[in-house]
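Note sheet for the following structure.
Just follow the structure's listing: the first ligand is 1, and inside any ligand the first atom is 1.
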Amino acid sequence: MVKVEHIGIAVKTFRSAIPLYEKLLNTNCYKTELVASEQVNTAFFRQGDTKIELLESIEPDGVIARFIEKKGEGIHHIAFEVKDIEAEMARLRGEGFTVLNETPKKGADNKLICFLHPKDTTGVLIELCQEIK
Ligand code: ZN
């Protein structure tokens, strides 16, 4: 894996979370993007070589809404950049990890993504992402 590409943080509402992170990181949110397939709105902040991705549910019973219901707001996933996502998925399957997607799917920020089941990764939801060229 190349680096931590971003850290995903589940928030109840962008209305308060975006200004809060702009103050915290002392940088403007440079992009918001709706990922309809995941029922989620995303907001991005650059921080050095990595990013913070805020996640807001657009449905009362969406993945992020259910996450917040169970655990409250907070870190939702850590995303690692990979050069070849299909090769990395095959490698990790071979190592016994549960890859939650059969094939990579289109994520926010021009990326192909997939997730690893947290039961195999000490409770941390791991995302792999590869830039779409
Ligand atoms: Zn992410």
Side-chain angles (χ1 to χ4, degrees):
M1 307 206 199
V2 180
K3 63 170 188 185
V4 173
E5 211 280 334
H6 64 268
I7 295 173
I9 298 174
V11 301
K12 281 185 187 152
T13 167
F14 278 1
R15 209 171 39 244
S16 52
I18 287 179
L20 185 138
Y21 274 84
E22 287 182 330
K23 262 189 268 176
L24 174 71
L25 303 172
N26 197 21
T27 187
N28 288 329
C29 170
Y30 70 90
K31 169 159 86 170
T32 60
E33 185 180 342
L34 180 69
V35 185
S37 60
E38 302 288 311
Q39 304 168 312
V40 73
N41 223 343
T42 62
F44 288 91
F45 304 79
R46 276 183 227 288
Q47 200 66 189
D49 206 22
T50 189
K51 296 168 192 156
I52 297 294
E53 174 190 49
L54 300 184
L55 303 155
E56 174 197 58
S57 186
I58 56 165
E59 296 289 340
D61 61 346
V63 195
I64 294 302
R66 279 186 276 126
F67 175 89
I68 290 173
E69 224 166 80
K70 264 197 269 174
K71 301 190 171 176
E73 292 181 299
I75 294 181
H76 178 260
H77 64 271
I78 297 178
F80 291 98
E81 182 185 319
V82 297
K83 284 211 170 81
D84 180 344
I85 194 167
E86 309 236 12
E88 201 60 23
M89 287 165 79
R91 183 185 75 81
L92 291 165
R93 278 196 191 102
E95 295 284 2
F97 292 95
T98 308
V99 180
L100 291 172
N101 311 93
E102 204 50 52
T103 52
K105 57 182 179 176
K106 176 93 176 56
D109 206 27
N110 195 40
K111 297 278 198 299
L112 285 174
I113 64 167
C114 75
F115 288 96
L116 304 184
H117 198 294
K119 76 177 161 81
D120 304 324
T121 53
T122 62
V124 182
L125 181 63
I126 302 286
E127 175 185 327
L128 305 182
C129 60
Q130 179 195 328
E131 181 113 50
I132 300 171
K133 301 232 168 82

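By the 30° and 60° cut-offs, the orientation of the rings of Phe44 relative to Tyr30 is tilted.
Minimum-distance N/O/S atom of Glu127 relative to the Zn ion (ligand 1): OE1.
The residues Glu88 and Arg91 are annotated as salt-bridged, a charged nitrogen and a carboxylate oxygen being separated by less than 4.0 angstrom.
When distances to the Zn ion (ligand 1) are checked against a cut-off of 2.8 Å, Glu53 contributes an N, O or S atom below that limit. Distances from the Zn ion (ligand 1) show that Cys129 has no N/O/S atom below 2.8 Å. Not one N, O or S atom of His76 sits under 2.8 Å from the Zn ion (ligand 1).
Note that the CD atom of Glu127 and the CG atom of Leu116 stand 10.0 Å from one another [nearest 0.5 Å].
At least one donor-acceptor pair under 3.5 Å links the side chain of Thr50 to the backbone N or O of Glu5.
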